[in-house]
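A quick note: this is a predicted structure, and the numbers were derived from the prediction, not measured.
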Amino acid sequence: MIETDILVVGAGPSGSLAAKEAALRGANVLLIDRKSEIGSPKRCAEGVSKEGLKELGIKPDPRWIARELDGVRLVSPDNTNVFLDTSTIPIPEAGYILERKVFDKHMAMDAARAGAEIMIKTNAKSLKRIDDGFILKADHMGEPIEIKAKIIIAADGPESRIGRMAGLKCNTPAEHMESCVQFEMAGVDMVNNQDISLFFGSVAPGGYVWIFPKGDDIANVGIGVLKSKTDKTAYDHLVEFIKTCPETKNAQPVEINVGGDPVDGLMPDRVGDNILVVGDAAGFVNPLTGGGINSALESGVYAGIVAAQAIEDENYSKRNLKEYVKLTDEHIGKNYKKYNAAKAYLLSLSDEELNEIAAAFKDEEFSEVTPRSLIKRLIKVSPKALLKLGKLF
């Protein structure tokens, strides 16, 4: 029997940062991951905010930065382009395109340096509650093991099994889980290979298509769709886009990634006796943009801090761990309700309405670009937006 204070399940960004923060505060931490290589396969478009990394004290490393971005390009159904450039406007979400396979390992290594123990190729099988914590049964390198922990931090992704095993209702409903497919491609003839490009409208029902540059002609080309909005698969929509888009029609895929993206906001049931849930497992994904790396990292920080304090207090109750909910609601989730409303509004727009908004935005001068400021500007140009969003923004 392996015994530890805190067991972190999942060595993605949120799990590794939670393990690091808890270990730095003196807790005995074990971080496990079911994969034989942390970070692979990636399930992410790999975009991350510079400002978000800075606030978390994560120093950029050229080993895991594929591309530094200059801005954002928004593309309407009639191919009207709206460019938002960081050289003239501060864009908080602008930043880097990562090499996630390197970044995730970097974060896990930082956790190890802080004192956390790491076990790869360790797949959780079952969870049993005991008086002072949990016993997790797992396969490690093909052999059965048992791990006893006072606190578990579930960082096992959008299909989180650990939260369910512990009795929490922390899984995103299927109707709010975007189905995502992405190719990493070579030979992409981008309009601007320093900008991320987002394509909206019927090309991606319930979501959008993205082109995230990783090199001069290398890019992640992907799509997220809501199954309730289309009869076709995300893969079919993406292949159709690639064949018809001038930027991608001559490109070749070298990797494919698939997965779900929870876009319903934070799960209210993300903490219980002896357990906290972080990252995608708890819905730490912006409902409007679908981006989740920065918020996942931040959730990991709070979970690590709260869990370590609980170990010091020798109090692992839900009541004591609820400080994590307070911190994440205050610093991450406070705007998610508004972003959900904005997402619902955008989903109600036809291609023609999106074209009209893009035409109105095309020549606009912006002093700042944030989800809030963009929505405020949207309200000015669209009467429908005023009716739907005016009270919230």
Side-chain angles (χ1 to χ4, degrees), residues 2-33 38-39 48-61 63-64 98 100 102-120 122 132-134 136 147-157 162 270-271 274-282 284 292-318 320-332:
I2 300 170
E3 296 191 18
T4 187
D5 290 336
I6 299 170
L7 171 63
V8 183
V9 182
S14 61
S16 289
L17 200 47
K20 175 185 175 180
E21 293 296 331
L24 285 173
R25 287 162 176 78
N28 184 359
V29 181
L30 174 60
L31 172 63
I32 67 171
D33 196 276
I38 291 172
V48 68
S49 159
K50 289 182 188 177
E51 191 63 30
L53 294 182
K54 183 178 178 181
E55 289 176 358
L56 294 170
I58 300 172
K59 295 180 180 179
D61 188 319
R63 291 177 299 171
W64 46 255
L98 304 175
R100 275 292 299 271
V102 182
F103 178 74
D104 284 18
K105 280 192 280 250
H106 172 95
M107 296 301 298
M109 289 173 186
D110 266 0
R113 294 185 186 104
E117 182 182 352
I118 298 175
M119 295 174 65
I120 56 174
T122 304
D132 56 347
F134 288 102
L136 179 82
I147 304 169
K148 180 181 178 182
K150 297 170 184 174
I151 294 174
I152 287 183
I153 297 177
D156 53 336
I162 299 301
R270 56 188 183 273
V271 66
N274 309 86
I275 186 166
L276 308 95
V277 188
V278 300
D280 286 2
F284 284 95
I293 297 178
N294 287 97
S295 53
L297 286 165
E298 192 173 353
S299 73
V301 170
Y302 298 134
I305 291 171
V306 171
Q309 185 60 53
I311 295 297
E312 185 176 330
D313 296 341
E314 297 185 357
N315 181 349
Y316 327 122
S317 67
K318 177 178 180 179
N320 197 37
L321 296 176
K322 268 199 168 181
E323 178 66 16
Y324 167 69
V325 175
K326 178 182 176 182
L327 287 168
T328 51
D329 278 344
E330 180 181 350
H331 295 285
I332 305 174

task: Please report the shortest heavy-atom distance between Gly12 and Asp104, naming the atom on each side.
output: CA-OD2, 4.2 Å

Nearest-0.5 Å distance, NZ of residue Lys148 to OG1 of residue Thr4: 11.5 Å

task: Would you check if Ile162 and Ile275 make a side-chain contact, meaning some heavy-atom pair closer than 4.5 Å?
output: yes

- prompt: How long is the gap from CE on Met107 to CG on Leu17, to the nearest 0.5 Å?
  reply: 4.5 Å

message: Restricting to side chain to side chain contact (heavy atoms under 4.5 Å, CB included), what partner residues turn up for Glu55, sequence neighbours left out?
response: Glu51

Contacts of Ile120 that satisfy side chain to side chain contact (heavy atoms under 4.5 Å, CB included) - sequence neighbours left out: Ile38, Ile118, Met141

field: Reported CH2-to-NZ distance for the pair Trp64 and Lys105, which is rounded to 0.5 angstrom
entry: 15.0 Å

query: Rounded to the nearest 0.5 Å, how far apart are OH of Tyr302 and OG1 of Thr328?
result: 8.5 Å

message: With a 3.5 Å distance limit and no angle check, can you tell me whether Tyr324 reaches the backbone of Val277 through a side-chain donor-acceptor pair?
response: yes

Output side-chain donor-acceptor pairs under 3.5 Å for residues 19-33, partner residues at least two apart or in another chain, one line each.
from	atom 1	to	atom 2	distance (Å)
Glu21	OE1	Arg25	NH1	2.6
Arg25	NH1	Glu21	O	3.0
Asp33	OD1	Lys35	N	2.9
Asp33	OD1	Lys35	NZ	3.2
Asp33	OD2	Ala11	N	2.7

- prompt: Can you name the closest pair of heavy atoms from Ala281 and Ala154 and give their distance?
  reply: CB-O, 4.2 Å

Euclidean distance, Arg100 CZ relative to His106 NE2, rounded to 0.5 Å: 13.0 Å

message: I'd like to know if Lys59 pairs up with Asp110 as an ion pair, taking the criterion as any Lys NZ or Arg NE/NH1/NH2 lying under 4.0 Å from an Asp or Glu carboxylate oxygen.
response: no

